[in-house]
Amino acid sequence: MSLSFSRESRLRTSADFKQVFDITDIKVSSKQLLILAKVNKLGRARLGLVVAKKNIRTAVGRNRAKRHIRETFRLQQDGVGGLDIVVLVRKSFSDLSDRDLNLLLNQQWQRLKRRLHEREASAEARPDKHPT
RNA sequence: CGAGUUGGCCGGGCAGUCGCUGUUUACCCCUUGUUAGUCAAUGGUAGUGUAAAUGGAGGAAAGUCCGGGCUCCAGAGGGUAGGGCGCCAGGUAACGCCUGGGGGGCGCAAGCCUACGGAAAGUGCAGCAGAGAGCAGACCGCCUAAGCGAGUAUGGCAACAUACUACGCCGGUAAGGGUGAAAGGGUGCGGUAAGAGCGCACCGCAUGGCUGGUAACAGUCCAUGGCACGGUAAACCCCGCCUGGAGCAAGACCAAAUAGGAAUCCUGCAGGUGUGACCCGCACUGGAUUCGGGUAGGUUGCUUGAGGUGCCUGGUGACAGGUAUCCCAGAUGAAUGACUGCCCAGGCCUGCCUUGGCAGGCUGGACAGAACCCGGCUUACAGGCCGGCUCGCGAA
RNA sequence: UGGGGUGUCGCCAAGCGGUAAGGCAUCAGGUUUUGAUCCUGACAUGCGGGGGUUCGAAUCCCUCCACCCCAG
């Protein structure tokens, strides 16, 4: 059980980002943000953030968004496993208070995990159903 | 106490849990040397890992409006163009900034505002209105003295003379009206046909002197001049001073690569490239086009600096000098955070009670995030703290 | 982060000190049996906001704001 969030658990090059955008395995969306994810072979989750200046005007606001997303990811990353995740922040994100923000984010991470489990389950089930 | 004005400062605090990141130390791992085990050393980027200690956004970090440092282009050198600044003196690395002073404007005052050189070097501009708008002008009005004429009266035989006029012509005038953003000193008296700096007095203005002041400038001083000199230079311009260009994605280093090759054309004491306005100068060098081939990033610059703080000295002050002491962010898909509790300001509600205070509950902290570094300016900003001064009221 | 540019009617735009052109769109009328075309007229507004210079500013100066482009 790790609560750390080091450089290894971040997406660091534009190539990494491009892969997630091109092949999106899981997609979780809400009014305030959009999460895209792709299965990787590293055995650990990696997070990348996209916060447009157009959506959140001030640098302080953008930093706030990134920090909250990182923090909640840090605390929730255990069940995620090998996924490359990109979080896109939408305009209404900055309307939320700190409390509501964390609530929303935790909810979204739970949804992501659920989708992942469903996907794995169906992937395991499929070869049994069609042995030939 | 109220109203105002001005200078400076802070811009939440403490504790706990879990994270991010820089530095240092230790250990792990690797490398090298050595040994029976081991030990030692330097280097750690081949990826770094673990632990501890310690540091980690701002007054504006913002806008990018100025000025520097730094780096490259040649130690940026000569000239032209272009750009900037503009009362005086000082401060400063420098500035378009700051300080002190002067002039002008506003305010009862404290104080505030001020792009504030030159319009007698030249060129230009001013629509509409108006008579006239740049070596001024005459629409209404006022006048008709002189000159010419008309009429009337008187005198005279007559020519004519004299006097008069709600008269005409030739004219005079810039007081008044009117136009305009702006119409070429003001008030009074004299003067005149009516008027006018036409003359005079006072005020204003200009020039020269004298006095004070480093200077801008000032003066209840003296002399001269009847006034000649309208506005606009954030219009061109003139004068004085300043000014090369680009920017850390600058630049440097390492690795790879630009290789090697084919074809065509042009040129040879000139041309090309670079120096990002142009000429000179300087440096480097054959050049251009097409075909095919190839590409990968990392390190550094990177934080010790016109540095902060305390004290002393000089100065009205900006600031300077001396001395002691401190090291205070360096990220790079981009750190400096999240959660919880308590406290401290603030706001709202309820209860007790004489203004006011006490108790409880709820709420709740602005503007905003370093990206090479400094000095300013500008803009944004909840709330709070400390001081100076002015005016009004009251008390002593 | 650095560098550069643009804001004029609903849209595209000219003007760069003296009443802010023009086109498209909109509305009304005419022509037509009706519609398109064509003709005539009009609306509403505007010079991104705030100061300053000037008698007078879209234009000159200062200062904010918004948008766009370039360099990884």
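So you know, we letter chains A, B, ... as the sequences are listed, proteins then strands, and number each from 1.
- A sub-4.0 Å separation between OP1 or OP2 of C339(B) and a side-chain N or O of Asn102(A) is present.
- Proximity of residues 85-93 of chain A to RNA chain B (heavy atom under 4.0 angstrom from any strand atom) is not detected for any residue.
- Applying the salt bridge (Lys or Arg N to Asp or Glu O under 4.0 Å) test to pairs two or more places apart or on separate chains, those with a residue in residues 86-103 of chain A are Arg64(A)-Asp98(A).
- Partners of Asp84(A) under the side-chain hydrogen bond (donor to acceptor under 3.5 Å, both in side chains) rule, at least two apart in sequence or in another chain, are Asn40(A), Arg46(A).
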Contact string for nucleotides 65-72 of chain C, one letter per nucleotide 5' to 3', B = base within protein heavy-atom range under 4.0 Å, S = sugar-phosphate only, - = neither, reads -SS-----
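- Each of Arg119(A), Lys38(A), Arg111(A) was checked for a side chain to side chain contact (heavy atoms under 4.5 Å, CB included) with Ile26(A), and the lone residue meeting it is Arg119(A).
- Glycosidic conformation of A228(B) is syn; the angle stays within 90° of 0.
- Checked by atom type and distance alone, the side chain of Asn55(A) pairs as donor or acceptor with a backbone atom of Val89(A) at under 3.5 Å.
- Judged as a side-chain hydrogen bond (donor to acceptor under 3.5 Å, both in side chains), and not counting sequence neighbours, Glu118(A) has no contacts.
- With A370(B), U340(B), C339(B) as the candidates, the nucleotide lying closest to the side chain of Ala59(A) is A370(B).
- The gap from the C1' atom of G287(B) to that of U273(B) amounts to 10 Å, rounded to the nearest Å.
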What are the atom names and distances for every N/O pair under 3.5 Å that joins the protein to nucleotides 330-336 of chain B?
unit_1	atom_1	unit_2	atom_2	d
U332(B)	OP1	Arg7(A)	NE	3.4
U332(B)	OP1	Arg7(A)	NH1	3.3
U332(B)	OP1	Arg7(A)	NH2	2.2
G333(B)	O2'	Leu11(A)	O	2.2
G333(B)	O6	Ser14(A)	N	3.4
A334(B)	OP2	Arg70(A)	NH2	3.1
A335(B)	OP1	Arg70(A)	NH2	3.1
U336(B)	OP2	Arg67(A)	NE	2.7
U336(B)	OP2	Arg67(A)	NH2	3.1

